[in-house]
Amino acid sequence: MKSPQSPSYLYGAILTAACSLILISNSLAAENSRAVDEELNALTDMTRVNPATRKSELGSLRPETALQRSRTVSVITKQDFARYNFQTIGEALRTLAGMDVWRTHFKKGQPTSRGSLQPHYPNDVLMMIDDVPTWNAVAGGGLKLNRVNIHDVERVEVLKGPAGALYGNHAYSAVINIVLRDPAKEGGQAHVGVGDGEKYFGGANYAMKSAACGGVDIYASTNHSSEDGEKVFFTGEKSGDPPAGKVYRPKEFEDGGNYLLRLKNENHRVLFNAFRSVENNLGNAPHPTQQIGEDLIATGYLGDYRYRRNTSATAQFEMGATFDWSSLELFSGPPGNVSISKGYRHRLYARKTASLNDRVHYRIQADYDLKKAGKFEDTKIDESKREAAQKIAGEGNEICNDDNTVIADVIPFATFPCGDNVAGRHIAEYSLMGQLEHTREKWKTTAAARVSYNDITGTEFAPHLAAVYSIDENNSVRLSYDEAYRTPSILELYITAGVLHGNEDLDAQKTRTVELGYTTSDGPFFAQLSGWWASFDDRIFRDRFSNSPNTYLNADTYNATGVEMELSYTDPKKFNLFFNANYYHGTDGDNPGSGSYNALYVPSVALTTGVSKDLCLWTLSAVLNYVGAMTGLEGVSKDEEGTEVDIDPTAVLDLSLARKQRLSGVPVLHRFAVKNVTDEETFLPEFARNSIATVPWKNDRRVVYDFTVNFR
């Protein structure tokens with residue numbers, strides 16, 4: 001069923017406001033000389049950088065270009081954000097070949113890499129802020145994509161595929177590093193915006209340079225956004241009153257804010273990040289009695305200190321410490337029931353990077369990571385289930401163990417929580433990593449390995465081998481082999497809440513990947529091609545259909561292959577163009593009836609293309625996202641594997657118009673966008689529950705205007 005459209009007067013109001021500001025600033029413009037144009041371009045920078053020249057240290061010992069790297073790394077810069085009017089980090093990530101951002105009945109903004117789906121928490125993608133890993137101590141799951149505002153980002157670096165040797169636990173299917181801005185000049189920036197769906201957002205940042213701050217550079221920012229979206233139309237699954245098959249209409253909403261503070265000088269850096277995010281979820285099941293559409297509240301604080309010093313002309317020492325606290329609160333189950341999890345994470349590391357000579361470079365690193373749960377509790381427990389279980393066990397018989405788990409031989413099937421058996425649980429991990437790089441004429445070879453000890457799953461080993469051959473200065477070929485692992489979270493190991501049961505016998509999930517790539521660059525043209533094969537072992541999932549519903553188990557092995565292509569043409573005098581595409585194929589190695597199925601839901605083909613053109617101080621751009629056909633399952637139960645439901649391909653077109661101007665001498669940037677111009681209906685397979693076939697993506701047509709002012 002189609003969602004109702006926003007009132008037409010709102011589109012008109014947004015357009016009128018944008019045009020009025022542009023006309024006012026035109027009337028106040030002091031001059032329109034070429035010199036002024038150059039200053040505007042510098043202060044409201046939208047100059048697209050050729051991907052062939054973008055350097056990144058992600059996965060490498062030193063900053064390298066795409067032609068030099070031994071792994072597939074994609075970089076999206078702040079210039080790309082402005083030129084194509086990407087309003088969130090997730091929107092930018094979706095344009096990369098092999099990457100996507102999904103939603104389930106439980107969570108939005110789930111980044112995925114190479115078809116590795118994550119039903120409840122983004123546990124398979126390691127996400128970092130300025131090289132600092134972020135993590136939820138209890139449930140796992142990395143950085144909320146809205147934990148950092150896109151206006152504070154210099155670039156987003158994405159290493160696709162496993163990287164366990166280089167980055168350790170959770171670098172299972174990709175590594176995302178959000179690099180914060182480091183303005184060269186002192187000053188600030190402010191932005192405000194409005195859109196239909198009662199969307200409002202704004203924020204500001206300010207940079208003070210060391211000359212004015214006693215040798216310390218300071219960067220601070222604050223941002224807030226709110227969107228009271230339209231209602232979601234879909235069919236429920238739960239029987240009763242009202243019955244299954246009824247169309248429910250919960251309202252989509254998002255509200256949140258984030259704060260950043262970074263202090264640094266030549267050797268020291270202190271980083272602080274805080275965020276709060278409130279969004280709706282679809283409840284335990286899409287049904288009014290299961291609190292459909294109620295709040296999911298995520299809160300977090302991160303503090304990090306890093307010390308870095310060059311110990312010689314060819315060696316550098318670095319050490320650091322991180323404290324990451326997080327809380328997750330959601331309404332689920334019976335009316336009035338609230339689940340709350342809190343915990344924190346400590347991280348300590350030290351590493352040395354050095355060169356033996358011009359050809360041989362190495363890095364050694366030691367890491368310590370401690371995750372500890374504060375609590376996991378349900379604020380309202382259905383005592384009737386506990387009473388019913390006691391009757392089955394018999395008067396005077398215990399039904400709960402000392403560790404707050406159900407006594408299985410007394411109550412083999414229990415749907416009540418004994419208590420908070422998560423509080424105080426902790427997982428410690430120690431690891432050593434070594435990386436060696438050798439260059440000789442046209443060859444560069446890299447070898448790395450990480451050995452870690454986890455006090456739950458024991459010893460893990462992850463190797464990395466790669467070679468790059470430079471055909472000439474514009475062409476290179478690379479071959480790599482990588483392994484990675486993810487150890488189970490505290491929740492997956494110990495939780496007993498209602499029908500949710502942890503499993504202390506879980507093994508770490510592992511993956512292996514072989515990748516072959518080719519990179520070429522010729523003037524404004526750039527291309528990066530990759531083909532990969534991967535095996536996924538012991539994937540951790542929630543088994544909802546055996547005799548113990550919602551128990552975490554390890555799945556069977558399955559394999560997948562893929563091809564990725566990233567093309568771009570960069571010529572500011574003519575136009576800018578990118579075209580990214582990927583093909584994915586996974587074997588049916590896991591069982592759809594158990595809820596662990598993965599390959600079924602992933603589209604075989606996806607592509608994104610964008611084009612932009614500069615006309616004096618105007619910039620026109622368009623981005624098209626195409627997602628191929630997918631498959632969902634409906635009617636899955638303990639006894640039924642369900643019926644496959646086809647999900648049609650979708651193509652979503654975004655258009656944007658930007659205008660650089662001076663307002664009373666101050667450089668400003670106006671951006672006006674229409675997202676999903678054709679109002680294409682978009683759905684995703686509901687792979688977390690396996691009982692309804694699809695969930696709406698809620699990517700309806702939206703008109704958005706934003707206004708950025710630079711004071712640097």
Side-chain angles (χ1 to χ4, degrees), residues 51-75 96-99 113-114 125-126 128 131 155-168 171-177 179 351 353-365 433-450 461-484 511-521 526-534 561-566 582:
T53 63
R54 297 174 182 173
K55 290 190 175 183
S56 170
E57 197 174 329
L58 193 66
S60 304
L61 294 179
R62 296 156 297 156
E64 294 180 326
T65 67
L67 286 162
Q68 300 167 323
R69 288 191 286 263
S70 58
R71 295 294 308 275
T72 300
V73 175
S74 300
V75 181
L96 298 180
M99 298 296 296
S113 173
R114 295 182 170 177
V125 176
L126 178 64
M128 306 189 294
D131 301 316
R155 64 186 181 274
V156 177
E157 306 169 334
V158 181
L159 189 160
K160 288 173 277 189
L166 306 180
Y167 294 99
Y172 185 80
S173 63
V175 179
I176 299 173
N177 187 31
V179 180
R351 72 184 185 191
T353 305
S355 301
L356 295 178
N357 50 51
D358 292 341
R359 294 181 176 181
V360 180
H361 314 276
Y362 71 91
R363 173 176 291 168
I364 54 175
Q365 179 169 326
M433 186 274 287
Q435 184 176 355
L436 182 66
E437 179 182 292
H438 179 263
T439 58
R440 182 179 177 85
E441 297 178 348
K442 294 187 175 184
W443 285 93
K444 186 189 80 170
T445 55
T446 304
R450 180 179 294 267
F461 177 74
H464 162 72
L465 297 170
V468 180
Y469 177 72
S470 297
I471 302 172
D472 53 40
E473 62 180 8
N474 295 323
N475 298 273
S476 65
V477 179
R478 63 188 183 277
L479 177 67
S480 63
Y481 173 82
D482 282 89
E483 295 186 12
T511 182
R512 304 181 300 276
T513 294
V514 176
E515 182 175 335
L516 177 65
Y518 169 69
T519 304
T520 183
S521 176
F526 170 81
Q528 182 170 252
L529 309 176
S530 302
W532 56 270
W533 170 90
T561 56
V563 178
E564 299 164 358
M565 175 176 64
E566 296 185 358
N582 68 272

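On a predicted model such as this, the values are computed, not experimentally measured, just so you know.
Gly164 approaches Ala462 most closely through the heavy-atom pair C-CB, 3.8 Å. When all heavy atoms of Thr446 and Lys444 are compared, the closest pair comes out as OG1-CE, 4.1 Å. Taking each heavy atom of Trp532 and Val563 in turn, the nearest pair found is NE1-N, 4.2 Å. Scanning both residues, Ser56 and Val75, for their nearest heavy atoms gives CB-CG2, 4.2 Å. Among all heavy-atom pairs drawn from Ser70 and Ser480, the shortest one is O-CB, 3.9 Å. Residues Leu166 and Ala448 approach most closely at CD2-CB, 3.8 Å, considering heavy atoms.
A distance-only check finds no donor-acceptor pair linking the side chain of Thr513 to the backbone of Pro162 [under 3.5 Å]. Under a 3.5 Å cut-off, the side chain of Lys442 and the backbone N or O of Ile471 do form a donor-acceptor pair. No side-chain donor-acceptor contact under 3.5 Å links Asp482 to the backbone of Ala163.
Atom CE of Met565 and atom CG of Leu529 lie 7.0 Å apart (nearest 0.5 Å). Note: Leu67 CG to Asn474 CG = 7.0 Å, rounded to the nearest 0.5 Å. The distance from atom CG of Leu159 to atom CG of Asn177, rounded to the nearest 0.5 Å, is 10.5 Å. Separating the CD atom in Glu157 from the CG atom in Asp131 is a distance of 7.5 Å, to the nearest 0.5 Å. The CG atom of Leu126 lies 12.0 Å from the OG atom of Ser113; values are rounded to the nearest 0.5 Å. Interatomic distance, OH of Tyr469 versus OG1 of Thr445, reported as 14.5 Å (0.5 Å rounding).
There is a side-chain donor-acceptor pair under 3.5 Å between Ser74 and Glu566. One side chain, Thr520 or Asn475, offers a donor N or O that lies under 3.5 Å from an acceptor on the other. Side-chain atoms of Arg69 and Ser476 form no donor-acceptor pair, as typed in the model, at a separation below 3.5 Å.
Annotation: salt bridge (charged side-chain N to carboxylate O under 4.0 Å, His left out) contacts of Glu437 (sequence neighbours excluded): Arg62.
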Which is it for Ile176 and Met99 under the side-chain contact (heavy atoms from CB on, under 4.5 Å) test, yes or no, and what are the steps along the way?
-> CA-CA 11 Å; Ile176 299 173; Met99 298 296 296; 4.1 Å; yes

Start with the C-alpha gap between Tyr167 and Leu58, add the side-chain angles, then the distance that decides, and say whether side-chain contact (heavy atoms from CB on, under 4.5 Å) holds.
-> CA-CA 10 Å; Tyr167 294 99; Leu58 193 66; 3.3 Å; yes

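For the side-chain contact (heavy atoms from CB on, under 4.5 Å) test with His464, the passing option among Arg450, Glu483, Arg71, Met433 is Arg71; the others fail. Of the residues listed (Arg114, Arg478, Lys160), the one engaging Ser530 in a side-chain hydrogen bond (donor to acceptor under 3.5 Å, both in side chains) is Arg478, and it is the only one.
In this structure the side chain of Val477 reaches within 4.5 angstrom of the side chain of Leu516, judged on heavy atoms. When side chains are defined from C-beta on, Arg351 does not count as touching Gln435, because their heavy atoms never get closer than 4.5 Å. Between Thr519 and Phe526 there is a side-chain heavy-atom pair separated by less than 4.5 Å.
Counting heavy-atom neighbours within 6.0 Å of Asn357 CG, excluding the residue itself, gives a total above 12.
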